[in-house]
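Input: a single structure, listed below in structure tokens.
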Amino acid sequence: QVQLVESGGGSVQAGGSLRLSCAASGYTGSRNCMGWFRQVPGKEREGVATSYTGRGSTYYADSVKGRFNTSPDSAKNTVYLKMNRLKPEDPAMYYCAADSAAWKCLVAGFRKDYNYWGQGTQVTVSS
């Protein structure tokens, strides 16, 4: 059974940094599409970043480009999201997602039909 567990969320001041982790278990394969999404109450879940472990390619939402960095560690079955220069508009529940279909990472935009999702980790930013 595949399980994704996020960690690393918390509260930070605006301008600060956090690193989120997503540990995958029961999930095999070296070429996977890993995504990070976020959601605030009353709004749709939005894509933040994706990484395709087969090529090391990444894709970012315009709102986080240049501030966030996602990096998979295939040896540890873990993907990270380093968030720098956090802004008051970044607070949300952050979710990681995984899928073996590489094309979901390689198309423009963010797909939301990933096969596997974590439970989320909360990020709060204080001004």
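Every value quoted in this text rests on a predicted model; they were computed, and no experiment measured them.
- A donor-acceptor pair under 3.5 Å is absent between the side-chain atoms of K104 and the main chain of C33, judged by distance alone.
- Scanning all heavy atoms of the two residues, the minimum distance from A14 to S127 falls at CB-CA, 4.3 Å.
- When all heavy atoms of R38 and S63 are compared, the closest pair comes out as NH2-OG, 3.5 Å.
- Within the 4.5 Å cutoff, side-chain heavy atoms of M83 are placed close to those of V123.
- Residues L4 and Y114 have side chains not in contact (no heavy-atom distance under 4.5 Å, counting atoms from C-beta outward).
- Both W36 and F68 are assigned to one and the same hydrophobic cluster, defined by single-linkage of ILVMFWY side chains at heavy-atom distances under 4.5 Å.
- Hydrophobic clustering of Ile, Leu, Val, Met, Phe, Trp and Tyr side chains at less than 4.5 Å, counting indirect connections, unites V48 with V12.
- Atom CD of E89 has more than 12 heavy atoms from other residues, nucleotides or ligands within 6.0 Å.
- Between D90 and R67 there is a salt bridge, with a side-chain nitrogen of the basic residue lying less than 4.0 Å from a carboxylate oxygen of the acidic one.
- Between T70 and T50, the shortest heavy-atom contact is CG2-O, 3.7 Å.
- Shown here for T78 and S21, the closest heavy-atom pair between the two residues is CG2-CB, 4.3 Å.
- Following chains of ILVMFWY side-chain contacts shorter than 4.5 Å, one can reach W117 starting from F110, so the two form part of one hydrophobic cluster.
- Listed for the R111 side chain is no donor-acceptor partner under 3.5 Å among the backbone atoms of W103.
- Although no hydrogens or angles enter the test, the distance criterion places no donor-acceptor pair under 3.5 Å between the side chain of Q13 and the main chain of S126.
- Taking hydrophobic clusters as Ile, Leu, Val, Met, Phe, Trp and Tyr residues chained together by side-chain heavy-atom distances below 4.5 Å, M34 does not share a cluster with F37.
- Y94 and V79 end up in the same hydrophobic cluster when Ile, Leu, Val, Met, Phe, Trp and Tyr side chains are linked at under 4.5 Å.
- Without hydrogens or angle criteria, Q122 side chain to G10 main chain gives no donor-acceptor distance under 3.5 Å.
- With a 6.0 Å radius and a threshold of 12 heavy atoms from other residues, nucleotides or ligands, Q119 has its CD atom at or below the threshold.
- Residues G8 and L18 come closest through the heavy atom pair O-CD2, 3.8 Å.
- The aromatic ring centres of Y52 and Y59 sit 6.0 Å or more apart.
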